[in-house]
Amino acid sequence: MGNKDTIYNKSTDKTEPFVFNETVAQVFPDMIRRSVPGYDSVIDGTGLIASNYMQPQSNAYDLGCSTGASTLAMLRYITCDDFSIIAIDNSPYMIERCRKNIHNSRGSDRVSYQCEDVLDIVISNASVVVLNYTLQFIPPQRRTALLTKIYDGMSPDGVLILSEKLAFDNQIEQIRQTALHESFKRAKGYSELEISCKRAALENVLVPESYATHLGRLNDIGFHDAQLWFRSINFASMLAWK
Ligand code: GEK
């Protein structure tokens, strides 16, 4: 088991913008499970969905892989022959932990690691692309270009798994969903101070969009049958096919 996230449990005058540094990487598995409702179900589902669409002699990409949960789930489920997984993150601390976590797992020889900005990578021959809670950290004006590059690098019938925090156009819905999310974090043991410091640190760093915005953009790029397969409070996971 990893370390407990206590990053924001002490009062500070000023909260710096959130970054994926060494301290965050150390507590990441605990942090994401106590912050993202439905996280474990989405990770497990990622493996299952990948196993349905992985084509032999093709690549799966785990973009913003953090400590490797989605890659490990794919390794657990995929049964087809001769596939590769490319795990990419621009935080060296995350990639280092990802590599260590996967090192001794069955099929680890199929995984390669890239410490790089997803905006700079080349995607090719991809039958599965996973963007689990990563697009929300990409500047909004660059998201269409990234998704277009992903689409162009995918093989026909390939699947994109896109998981994100959602924003809501309706103000009442936004308030109610935010309140439920905060109750979730409280129930997972975060204090009011931790919740408010994290909210401040993520301001303009994690920029959520509405479900309609995601669906519209995926359709405009050329993906088809874009659809929701999982939602828990204000976090959703979508699928879209080339
Ligand atoms: C999981 N998918 O466990 N290029 C590459 N990586 C990036 C970039 C970028 N431009 N921006 C952010 N990241 C994981 C969880 S976490 C989600 C993903 C969260 C990386 C960043 O370093 C971090 O590891 C990850 O995207 C986002 O299912 O913390 O809420």
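One-based numbering, in listed order, for ligands and for the atoms of each.
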Subject >> Arg110 NZ/CZ over Phe83 ring centroid, <6.0 Å and within 45° of normal >> reply: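 Cation-pi check for Arg110 and Phe83: passes.
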
**OP:** Quick one: which residue pairs count as a salt bridge (Lys or Arg N to Asp or Glu O under 4.0 Å) with a foot in residues 40-49, not counting sequence neighbours?
**Re:**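 Pairs touching residues 40-49 that pass the test: Arg33-Asp40.
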
**OP:** Could you walk me through whether Glu194 and Lys185 pass the salt bridge (charged side-chain N to carboxylate O under 4.0 Å, His left out) test, one step at a time?
**Re:** CA-CA 9 Å; Glu194 287 175 298; Lys185 293 182 101 175; over 6 Å; no

At less than 3.5 Å, what protein N or O atoms come close to the N or O atoms of ligand 1? Include the distances to 0.1 Å.
{"from": "ligand 1", "atom 1": "2 (N)", "to": "Gly64", "atom 2": "O", "distance (Å)": "2.8"}
{"from": "ligand 1", "atom 1": "2 (N)", "to": "Asn132", "atom 2": "O", "distance (Å)": "2.8"}
{"from": "ligand 1", "atom 1": "3 (O)", "to": "Tyr39", "atom 2": "OH", "distance (Å)": "2.6"}
{"from": "ligand 1", "atom 1": "4 (N)", "to": "Val118", "atom 2": "N", "distance (Å)": "2.9"}
{"from": "ligand 1", "atom 1": "6 (N)", "to": "Asn90", "atom 2": "N", "distance (Å)": "3.2"}
{"from": "ligand 1", "atom 1": "6 (N)", "to": "Asn90", "atom 2": "OD1", "distance (Å)": "3.2"}
{"from": "ligand 1", "atom 1": "10 (N)", "to": "Asp117", "atom 2": "OD1", "distance (Å)": "2.9"}
{"from": "ligand 1", "atom 1": "22 (O)", "to": "Asp89", "atom 2": "OD1", "distance (Å)": "2.6"}
{"from": "ligand 1", "atom 1": "24 (O)", "to": "Ser66", "atom 2": "OG", "distance (Å)": "2.7"}
{"from": "ligand 1", "atom 1": "24 (O)", "to": "Asp89", "atom 2": "OD1", "distance (Å)": "3.4"}
{"from": "ligand 1", "atom 1": "24 (O)", "to": "Asp89", "atom 2": "OD2", "distance (Å)": "2.6"}

Original post:
Looking only at side chains, do Tyr77 and Asn52 share a donor and an acceptor under 3.5 Å apart?
Top reply: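 No.
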
Original post:
Do you see a donor-acceptor pair shorter than 3.5 Å between the side chains of Thr46 and Asn132?
Top reply: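 Per modelled atom types, Thr46 and Asn132 side chains form a pair under 3.5 Å.
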
**OP:** Report the relative orientation of the aromatic rings in Phe235 and His181; use parallel for angles under 30°, tilted for 30 to 60°, perpendicular for over 60°.
**Re:**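 Aromatic pair Phe235/His181 classed perpendicular.
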
